[in-house]
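Data first, discussion second: the structure below is written as structure tokens.
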Amino acid sequence: MPELPEVETIARGLDKSVAGDVIESVWIGSKPQPLKSSAKEIARVLEGARINRVKRVGKHIVVDLAPSGEWIVHLGMTGQMLVATPESDLAKHTHLVAKLSSGRELRFIDPRRFGRLSVHKPESAFAAQGGEPLEVSEEEFIKLFKGRKTPIKSALLNQKLLSGVGNIYADESLFRAGVRPRRRASTVTSEQLRKLYKAMRVVLEEAIKAGGSSVSDYVDADGEEGFFQLQHRVYMRTGEPCFTCKTPIKRVVIAGRSSHYCPHCQK
DNA sequence: AGGTTGACCTGGACGC
DNA sequence: TGCGTCCAGGTCAACC
């Protein structure tokens with residue numbers, strides 16, 4: 001599922017291949033749409049616009065348009081943004097196709113329809129979002145969890161605190177920091193939080209290097225899979241031996257999300 | 001007000 | 001084979 005490293009990989013790929021291109025026309029599917037803005041509004045903003053740049057904010061892909069405007073894509077769980085040739089088959093669950101002046105197409109595909117598309121004025125979209133996990137300082141990071149009764153895992157997933165960490169990278173960061181996911185955030189010592197801060201940065205950076213984790217439907221803008229799933233130490237390894245101590249990995253549900261941890265290595 | 005839960009979705013895995 | 005059931009999880013509304 002697309003979290004920060006996957007979205008970063010896709011945004012970089014899109015920026016490389018479509019920056020400078022112009023959207024000539026837009027087709028939007030007729031089924032109940034994963035849209036936040038109306039189809040009309042999206043088409044109005046996209047058609048005729050030049051793509052300045054594609055970047056990532058939290059788990060969102062932001063397409064900077066000229067003369068003005070932003071097209072924001074959230075991939076949900078199963079969303080894909082693909083650059084394709086017009087003759088390649090249209091995948092089932094394709095919700096939007098943008099024809100580019102270079103002759104290629106930018107396609108948004110999302111089987112589960114948890115994704116969301118919207119258009120905004122420049123720089124207006126992300127007021128309520130938390131900080132970027134790879135940009136906040138250690139002090140800011142530690143402050144986020146002060147006095148919170150919620151499990152540390154839930155706090156990591158809260159996009160208003162930090163935007164970009166999802167279920168995979170929360171579990172992997174907590175394992176590397178040696179902290180159990182159910183620990184209340186306020187009871188995690190500052191020493192452990194410092195460890196968690198470093199672990200989160202290492203995990204996210206390694207995952208970006210590996211092109212993300214391909215579980216479920218994730219592929220990058222060119223349709224290529226990532227490799228970080230091969231480096232997961234706890235995520236989806238329920239019952240398998242911990243790589244460090246051989247204790248079977250446990251799965252528990254926290255805030256409705258499955259959470260994986262080693263009962264021996266994580267306290 | 002902060003924390004928690006369920007609904008939204010489809011496809012794939014599994015049991016009988 | 002086919003049917004039913006469960007599970008995956010990001011986000012948001014509704015609830016406590």
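Within every chain, numbering begins at 1; the chains are lettered A, B, ... in the order of the sequence lines, protein sequences first and strands thereafter.
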| If you look at every strand shown and take non-hydrogen atoms under 4.0 Å, does A/Arg184 touch a base, only sugar-phosphate, or nothing? | nothing
| query | What is the pairing partner of B/dA1, taking Watson-Crick or G-U wobble pairs with both distances under 3.5 Å in any strand? | reply | none
| Does A/Arg237 make a cation-pi contact with A/Phe175, if we ask for NZ or CZ under 6.0 Å from the ring centre and within 45° of the axis? | no
| request: Mind calculating the distance between CZ (A/Arg116) and P (C/dA13) to the nearest angstrom? | output: 11 Å
| task | Output the single nucleotide from C/dA8, B/dA7, B/dT5 whose closest atom is nearest the side chain of A/Ala255. | result | B/dT5
| message | With a 4.0 Å limit, can you tell me whether A/His93 has a side-chain N or O closer than that to the phosphate oxygens OP1/OP2 of B/dG11? | response | yes
| query | Can you find a side chain N or O atom of A/Lys92 that sits less than 4.0 Å from OP1 or OP2 on B/dG11? | reply | yes
| message | Under 4.0 Å from OP1 or OP2 of B/dT4: is there any side-chain N or O of A/Thr150 that close? | response | yes
| message | Salt bridge check, A/Arg176 against A/Glu172: does any charged N sit closer than 4.0 Å to a carboxylate O? | response | yes
| task | Respond yes when some side-chain nitrogen or oxygen of A/Arg251 is under 4.0 Å from OP1 or OP2 of C/dA8, and no when none is. | result | yes
| query | Can you tell me how far C1' of B/dC9 sits from CE of A/Met77, to the nearest Å? | reply | 10 Å
| request: Look at the side chain of A/Gln192 and the backbone N and O of A/Thr189, then say whether any donor-acceptor pair between them is shorter than 3.5 Å. | output: yes
| Between OG of A/Ser154 and CZ of A/Arg182, what distance do you get to the nearest 0.5 Å? | 9.0 Å
| field | d(CG, A/Asn158; P, B/dG3) in whole Å | value | 8 Å
| request: Considering just the side-chain nitrogens and oxygens of A/Lys149, establish if one lies under 4.0 Å of OP1 or OP2 belonging to B/dT4. | output: no
| task | Look at A/Arg113 and B/dT10 and indicate whether a side-chain polar atom (N or O) is within less than 4.0 Å of OP1 or OP2. | result | yes
| message | Would you call the rings of A/His95 and A/His93 parallel, tilted or perpendicular, taking 30° and 60° as the class edges? | response | tilted
| Whole-Å gap separating P (C/dT11) and CD (A/Glu3) | 9 Å
| request: Rounded off to whole Å, could you give me the CZ-to-P distance for the A/Arg56 and C/dG10 pair? | output: 15 Å
| note | A/Gln159 atom CD is separated from C/dT11 atom P, nearest whole Å, by 5 Å
| request: Check if the side chain of A/Arg257 and the base of C/dA8 share a donor-acceptor pair of N or O atoms closer than 3.5 Å. | output: no
| task | Provide, to the nearest angstrom, the distance between the CD1 atom belonging to A/Ile254 and the P atom belonging to C/dA8. | result | 13 Å
| Considering only heavy atoms and no angle criterion, is a donor-acceptor pair shorter than 3.5 Å present between the side chain of A/Arg148 and the base of B/dT4? | no
| said: Using whole Å, what does the distance between atom P of nucleotide B/dT4 and atom CD1 of A/Ile152 come to? | reply: 12 Å
